[in-house]
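A quick write-up on the structure given underneath.
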Amino acid sequence: MSDDEIRPGHVREITAISNPVIKQMRALSMKKVRDETGQFLAEGLKLVTDALDGDWPVHIVAYSKNAADNARLQSVAAKARARGAMIVEASEKVLTAITRRDNPQMAVGVFSQRWTKREAIRPREGQLWIALDRVRDPGNLGTIIRTADAVGASGVMIVGESTDPFSLEAVRATMGSLFHMPLARMSEAEFLDWRKDWPGMVVGTHLEGAVDYRSVDYTPGPVLLLMGNEQQGLTDALAQACDRLCLIPMAGQADSLNLAVSTGIMAFEVRRSALAMPDPKAPRQGAGS
Ligand code: SAM
């Protein structure tokens with residue numbers, strides 16, 4: 001075996017961007033390579049920790065040589081190594097090249113993607129699933145996954161040709177919620193077929209929606225919330241598949257709300273009765289920015 005191959009459980013120092021292991025990691029910025037390998041990059045100690053805590057299969061963890069003394073980093077590297085990952089002690093230049101940004105985070109990991117199969121989705125009372133029609137913007141998708149996590153949704157479904165939730169930009173925007181939120185994907189035809197068995201209300205949002213979103217009783221659920229594409233809104237077929245088409249009334253001159261913002265407004269309304277104020281004395285875990 002060459003010294004340049006990925007070796008499970010092996011620890012090595014790499015300072016050259018031309019190293020084949022680093023080239024493989026960099027190639028994961030391309031969707032084609034992510035699709036072929038089923039792998040993706042998670043950047044930053046928090047995200048790598050979240051992924052390991054959620055038992056996501058890990059292949060490589062690269063960390064900054066300058067931060068090698070950091071106790072949290074050492075514990076993350078030890079955990080990843082025990083799970084068979086290759087550990088790379090990298091120069092700042094190498095980490096910058098992998099993550100394609102200046103001032104890189106101190107750790108980056110390569111993990112296997114996880115998708116929930118449609119047969120595994122078992123909607124139950126009180127649940128909310130959020131379905132997105134051809135979402136284009138990775139920042140929107142990541143923000144919606146983070147919001148879905150915050151509101152206590154049961155999963156996010158991506159319908160049709162969409163941006164990739166496992167791109168670096170989308171993963172960053174999830175702030176780690178990617179590792180807690182089931183993700184499913186379907187073509188529009190598959191979704192329309194699957195929707196027939198949805199046991200609760202299917203709520204779409206539309207700028208021509210006839211129903212004020214605040215006037216609907218979303219209990220007992222499960223609710224399937226369907227949000228439209230950033231440019232075109234929902235396709236006619238998807239709009240027709242909804243039990244209700246809701247509008248968020250607006251004032252001012254804006255034509256519409258941003259997709260992630262409107263998803264947040266809808267999701268928190270649907271889950272209103274399920275969300276209680278936290279006990280101020282109880283410590284909150286994992287608070288992000
Ligand atoms: N030009 C698009 C259209 O005509 O639908 C605008 C799409 S908007 C940027 C993206 C999605 O956000 C919409 O399809 C809808 O799901 C949701 N949305 C945005 N503003 C909304 C509002 N005021 N009421 C209901 N849904 C809204």
Side-chain angles (χ1 to χ4, degrees), residues 121 123 127-165 167 169-170 173-175 177-178 181-192 194-196 198 200-219 221-275:
I121 301 173
Q127 288 190 341
L128 165 67
W129 268 79
I130 300 173
L132 305 170
D133 173 20
R134 298 162 297 148
V135 54
R136 280 278 170 270
D137 183 89
N140 273 344
L141 179 52
T143 304
I144 290 170
I145 292 169
R146 181 181 181 185
T147 307
D149 182 19
V151 81
S154 301
V156 173
M157 160 116 23
I158 293 162
V159 181
E161 271 299 304
S162 298
T163 191
D164 182 5
S167 69
E169 204 181 341
T174 73
M175 293 289 293
S177 290
L178 175 75
M181 187 48 44
L183 275 184
R185 58 182 161 183
M186 289 182 200
S187 68
E188 182 179 286
E190 285 168 339
F191 178 84
L192 290 169
W194 174 82
R195 176 262 173 274
K196 290 179 194 150
W198 183 261
M201 198 191 296
V202 179
V203 180
T205 53
H206 207 289
L207 296 176
E208 287 166 24
V211 183
D212 182 329
Y213 78 108
R214 297 163 297 188
S215 68
V216 178
D217 180 1
Y218 299 101
T219 56
V223 171
L224 180 57
L225 173 63
L226 188 46
M227 304 297 300
N229 165 271
E230 290 96 331
Q231 278 81 41
Q232 294 151 14
L234 288 175
T235 63
D236 289 345
L238 289 174
Q240 278 159 22
C242 296
D243 299 313
R244 300 284 172 92
L245 274 186
C246 288
L247 175 73
I248 304 167
M250 296 180 290
Q253 302 302 311
D255 290 338
S256 64
L257 291 163
N258 162 274
L259 171 63
V261 170
S262 51
T263 306
I265 293 172
M266 288 300 301
F268 275 88
E269 183 65 19
V270 171
R271 296 271 300 154
R272 176 193 286 265
S273 59
L275 294 171

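Just so you know, ligand 1 is whichever comes first in the structure, and atom 1 is the first atom listed for that ligand. The model shown is predicted, which means the values in this text are computed figures rather than measured ones.
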If you measure from CZ on R146 to CG on L141, what distance do you get to the nearest 0.5 Å?
14.0 Å

Which atoms of ligand 1 sit under 4.0 Å from any heavy atom of M250?
23 (N)

The criterion is side-chain hydrogen bond (donor to acceptor under 3.5 Å, both in side chains); which residues satisfy it with D236, sequence neighbours excluded?
none

Okay, side chain of R136, backbone of E161: is any donor-acceptor separation there less than 3.5 Å?
yes

What atoms in ligand 1 come closer than 4.0 Å to a heavy atom of L207?
3 (C), 4 (O), 5 (O), 6 (C), 20 (N), 21 (C), 22 (C), 23 (N)

Taking atom OG of S262 and atom CG of L225, what is their separation to the nearest 0.5 Å?
9.0 Å

Does an N or O anywhere in L226 fall below 3.5 Å from an N or O of ligand 1?
no

For atom 26 (N) of ligand 1, grab the closest protein heavy atom and report residue, atom and distance to one decimal in Å.
T205 CB, 3.4 Å

Could you identify the single nearest non-hydrogen protein atom to atom 11 (C) of ligand 1 and state the distance to 0.1 Å?
G228 O, 3.6 Å

Quick one: does ligand 1 sit under 4.0 Å from the side chain of N229, the backbone, both or neither, non-hydrogen atoms only?
backbone

For atom 24 (N) of ligand 1, the protein heavy atom that lies nearest, with its residue and separation:
I248 N, 2.9 Å

Out of E230, M266, Q232, whose heavy atom sits nearest atom 9 (C) of ligand 1?
E230

Presence of salt bridge, D243 and R195, under 4.0 angstrom
yes

Does an N or O from N258, backbone or side chain, lie closer than 3.5 Å to an N or O of ligand 1?
no

As an exercise, identify every atom of ligand 1 less than 4.0 angstrom from a heavy atom of S262.
12 (O), 17 (C), 18 (N), 19 (C)

Per-atom contacts, ligand 1 versus Q231 - under 4.0 Å to a heavy atom:
1 (N), 2 (C)

Any donor-acceptor N/O pair, T219 side chain to D217 backbone, under 3.5 Å
no

T235 versus R134: any side-chain heavy-atom pair under 4.5 Å?
yes

For C246, which part has a heavy atom under 4.0 Å from ligand 1: side chain, backbone, both, or neither?
backbone

Near L247, which atoms of ligand 1 are under 4.0 Å from a heavy atom of that residue?
24 (N), 25 (C)

Heavy-atom pairs closer than 4.0 Å: do any link ligand 1 to the side chain of M227, the backbone, both, or neither?
both

Side-chain polar contacts of residues 202-210 - donor-acceptor pairs under 3.5 angstrom, sequence neighbours left out - could you list them?
{"unit_1": "T205", "atom_1": "OG1", "unit_2": "L226", "atom_2": "O", "d": "3.4"}
{"unit_1": "H206", "atom_1": "ND1", "unit_2": "E208", "atom_2": "N", "d": "3.1"}

For S256 and ligand 1, does the shortest N/O to N/O distance drop below 3.5 Å?
no

Sub-4.5 Å side-chain heavy-atom contact between P182 and W129:
yes

L257 N/O under 3.5 Å from ligand 1 N/O:
yes

Is there a donor-acceptor contact under 3.5 Å from the side chain of N140 to the main chain of V135?
no

Which residue and heavy atom of the protein sit nearest atom 5 (O) of ligand 1, plus the separation
G233 CA, 3.3 Å

What is the distance from atom CD1 of I144 to atom CE of M227, rounded to the nearest 0.5 Å?
7.0 Å

